[in-house]
Student: 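Take this structure, written in structure tokens, and hold onto it; I'll ask about it next.
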Amino acid sequence: MPTTPTFIVSAILAGYAFGGLEPSLQSMAVHTADDASRGSANSTFLCGYDIGYGLGGGVAGSLITAAGYTTMWSVVSLACVVSVLIYFFWARHSDTSFTKILKAHKG
């Protein structure tokens, strides 16, 4: 049952997660670039971030209008799971993968 305290706790957790996640992802994107291309890496990250943020809100709003909140949350959750799977099975093997770079620095 939604109450004022649950909304406040949700807002605090969402703000904390967003405030920590976005700078961490940007740092990872810039860290994988060499010195000469850090500006391009930063720009590419921010452009992708803005496009995803804008499209995500539009798609979510369209899904709510067409099929309701349950469907919207299901589709958005599925997209998150699929993105993790894409990273796990494909992107982490890239030469610029943060996981690969961390392993190279350790060993």
Side-chain angles (χ1 to χ4, degrees):
M1 171 186 263
T3 62
T4 300
T6 60
F7 285 123
I8 292 171
V9 169
S10 295
I12 290 168
L13 291 173
Y16 177 75
F18 181 76
L21 183 63
E22 193 275 333
S24 297
L25 291 173
Q26 185 175 7
S27 174
M28 288 169 48
V30 172
H31 181 74
T32 60
D34 60 14
D35 290 341
S37 60
R38 289 198 185 206
S40 295
N42 194 37
S43 176
T44 302
F45 172 80
L46 291 172
C47 286
Y49 182 84
D50 287 344
I51 291 167
Y53 207 85
L55 288 176
V59 169
S62 296
L63 284 169
I64 291 167
T65 302
Y69 280 94
T70 302
T71 300
M72 183 273 298
W73 284 115
S74 298
V75 170
V76 170
S77 297
L78 181 62
C80 290
V81 170
V82 168
S83 68
V84 169
L85 292 174
I86 288 171
Y87 176 78
F88 184 77
F89 288 111
W90 178 65
R92 71 183 175 131
H93 302 293
S94 165
D95 288 338
T96 58
S97 165
F98 195 66
T99 304
K100 198 169 189 176
I101 289 171
L102 287 177
K103 285 181 182 177
H105 285 299
K106 287 182 181 179

Student: If two hydrophobic side chains count as joined below 4.5 Å and joins carry through other members, does Leu21 share a cluster with Phe18?
Tutor: yes
Student: Ignoring hydrogens and angles, write down the donor-acceptor pairs under 3.5 Å from the side chains of residues 62-70, residues two or more places apart or on other chains.
Tutor:
{"unit_1": "Ser62", "atom_1": "OG", "unit_2": "Gly58", "atom_2": "O", "d": "3.0"}
{"unit_1": "Thr65", "atom_1": "OG1", "unit_2": "Gly61", "atom_2": "O", "d": "3.0"}

Student: Has the side chain of Ser77 got a donor or acceptor atom that lies under 3.5 Å from a matching backbone atom of Ser74?
Tutor: no
Student: Leu85: what forms a side-chain contact (heavy atoms from CB on, under 4.5 Å) with it, not counting sequence neighbours?
Tutor: Val81, Phe89
Student: With rounding to the nearest 0.5 Å, note down the distance linking OG1 in Thr4 to CZ in Phe7.
Tutor: 7.5 Å
Student: Any side-chain to backbone donor/acceptor pair from Ser10 onto Thr6? Under 3.5 Å, distance only.
Tutor: yes
Student: Starting at CZ of Arg38, measure out to OG of Ser43 and round the result to the nearest 0.5 Å.
Tutor: 15.5 Å
Student: Going by the rule side chain to side chain donor-acceptor pair (under 3.5 Å), which residues pair with Glu22 if we only count those two or more places apart in sequence or in a different chain?
Tutor: none
Student: Would you check if Phe45 and Val30 make a side-chain contact, meaning some heavy-atom pair closer than 4.5 Å?
Tutor: no
Student: Throw together a table of side-chain donor-acceptor distances under 3.5 angstrom for residues 48-57, partners on residues two or more places apart or in other chains.
Tutor:
none

Student: Should side-chain heavy atoms under 4.5 Å link Ile, Leu, Val, Met, Phe, Trp and Tyr, which residues sit in the same cluster as Trp90?
Tutor: Leu78, Val82, Ile86
Student: List the residues meeting side chain to side chain donor-acceptor pair (under 3.5 Å) with Ser37, not counting sequence neighbours, and say none if there are none.
Tutor: Asp34
Student: Looking only at non-hydrogen atoms, find the nearest pair between Ala41 and Ala29 and report the distance.
Tutor: CB-O, 3.9 Å
